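Predicted model only: the values in this text are computed from it and were never measured.
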Amino acid sequence: QVQLVESGGGLVQAGGSLRLSCAASGSISRINAMGWYRQAPGKQRELVSTVTSGGNINYADSVKGRFTISRDNAKSTVYLQMNNLKPEDTAVYYCNAQQSLTLRRYEYWGQGTQVTVSS
């Protein structure tokens, strides 16, 4: 079992910045990727950004050039630096981790952290 704990959400004005953190604990071996998803009320969850243990990164088109993901493999922690925030970024942001064990894939989610951007 892997536990994920997010922090860093809050309320900011448009154009401001926030830095989210997600720490993984428990049986953290063979975590292949970590990342961030977000969900606004009445909308489906969407991928924001992911990073693999090998350093491969992808971003949603809507956040490219504004958000930066990074991962500390030794600490099993992933970060999301969010700059030039827009009201449409308002959502609950969820940390995600993917683990492969004995040819089986497991997926874990954090509790979510609220990000609110005022205009």
Side-chain angles (χ1 to χ4, degrees):
Q1 180 67 243
V2 172
Q3 295 81 45
L4 303 175
V5 179
E6 303 111 325
S7 62
L11 173 65
V12 297
Q13 296 187 66
S17 298
L18 285 172
R19 186 173 187 252
L20 306 182
S21 299
C22 173
S25 62
S27 301
I28 59 175
S29 63
R30 297 289 291 172
I31 292 179
N32 307 115
M34 297 183 70
W36 295 92
Y37 293 72
R38 66 187 182 186
Q39 187 169 23
K43 298 186 180 296
Q44 292 192 347
R45 182 190 66 187
E46 64 176 352
L47 184 148
V48 177
S49 182
T50 60
V51 57
T52 70
S53 59
N56 298 114
I57 293 172
N58 74 294
Y59 296 97
D61 288 341
S62 60
V63 306
K64 286 181 179 177
R66 300 188 297 120
F67 291 9
T68 303
I69 194 170
S70 60
R71 181 178 179 181
D72 184 336
N73 288 326
K75 297 181 179 180
S76 296
T77 301
V78 66
Y79 306 92
L80 186 68
Q81 178 67 46
M82 305 185 294
N83 297 327
N84 192 24
L85 283 160
K86 303 176 180 180
E88 51 263 43
D89 295 317
T90 295
V92 177
Y93 284 69
Y94 295 93
C95 182
N96 170 267
Q98 298 173 15
Q99 182 183 55
S100 295
L101 295 172
T102 60
L103 302 181
R104 297 185 64 188
R105 177 171 172 164
Y106 299 86
E107 193 168 53
Y108 304 94
W109 295 93
Q111 82 286 353
T113 185
Q114 178 71 47
V115 172
T116 303
V117 184
S118 62
S119 59

Run T77 and D72 through side-chain hydrogen bond (donor to acceptor under 3.5 Å, both in side chains) and show every step you take. CA-CA 5 Å; T77 301; D72 184 336; over 6 Å; no
Would you kindly confirm whether Y108 and V92 end up in one hydrophobic cluster when ILVMFWY residues are joined by side chain heavy atoms under 4.5 Å apart?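 Cluster IDs for Y108 and V92 differ.
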Indicate if Y106 and I28 have the same hydrophobic cluster label, given that clusters are the connected sets of ILVMFWY residues with side-chain heavy-atom separations under 4.5 angstrom. yes
Apply the test side chain to side chain contact (heavy atoms under 4.5 Å, CB included) to residues L4 and M34: give CA-CA distance (whole Å), side-chain angles for both, the deciding distance (0.1 Å), then the verdict. CA-CA 10 Å; L4 303 175; M34 297 183 70; 4.1 Å; yes
Over all heavy atoms of both residues, which pair between V48 and L80 is shortest? Give the atoms and the distance, please. CG1-CD2, 4.1 Å
So, for G110 and Y94, which heavy atoms are closest and what is the spacing to 0.1 Å?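 Residues G110 and Y94, closest heavy atoms: O-CD2, 3.6 Å.
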Any donor-acceptor N/O pair, [X] side chain to [Y] backbone, under 3.5 Å:
X    : Y    : answer
Y37  : W109 : no
N32  : S100 : yes
T113 : G9   : yes
T90  : V117 : yes

Answer yes or no on whether R19 is positioned over the face of Y79, meaning its NZ or CZ is under 6.0 Å from the six-membered ring centre and within 45° of the axis.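 Cation-pi check for R19 and Y79: passes.
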Give the C-alpha distance, both sets of side-chain angles, the deciding distance and a yes or no for side chain to side chain contact (heavy atoms under 4.5 Å, CB included) between S27 and Q1. CA-CA 5 Å; S27 301; Q1 180 67 243; 5.6 Å; no
[atom2] on [Y] to [atom1] on [X], rounded to 0.5 Å:
X   : Y    : atom1 : atom2 : value
E6  : N96  : CD    : CG    : 10.0 Å
K86 : S119 : NZ    : OG    : 14.0 Å
M82 : T68  : CE    : OG1   : 11.0 Å
R66 : N83  : CZ    : CG    : 9.0 Å
I57 : S70  : CD1   : OG    : 8.0 Å
I31 : S76  : CD1   : OG    : 5.0 Å

Can you confirm whether more than 12 heavy atoms, excluding those of Q13, are under 6.0 Å from its CD atom?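 No, because the 6.0 Å sphere around CD of Q13 holds 12 heavy atoms or fewer from other groups.
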Note, D89 side chain near R38 side chain (heavy atom, < 4.5 Å): yes
Heavy-atom check, side chain of I69 versus side chain of Y59, under 4.5 Å: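 Answer yes - side chains close enough.
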Member of S21, C95, S49 meeting the side chain to side chain contact (heavy atoms under 4.5 Å, CB included) criterion with V78: C95
Under the criterion side-chain hydrogen bond (donor to acceptor under 3.5 Å, both in side chains), I'd like the reasoning laid out for Q99 against R105: C-alpha separation, chi angles, the key distance, then a yes or no. CA-CA 6 Å; Q99 182 183 55; R105 177 171 172 164; over 6 Å; no
Going through the distances and angles, do L18 and V115 end up as a side chain to side chain contact (heavy atoms under 4.5 Å, CB included)? CA-CA 9 Å; L18 285 172; V115 172; 3.9 Å; yes
Kindly assign one of parallel, tilted or perpendicular to the pair Y93 and F67, based on the angle between their ring planes and the thresholds 30° and 60°.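 Because their plane-to-plane angle lies in the 30° to 60° range, the rings of Y93 and F67 count as tilted.
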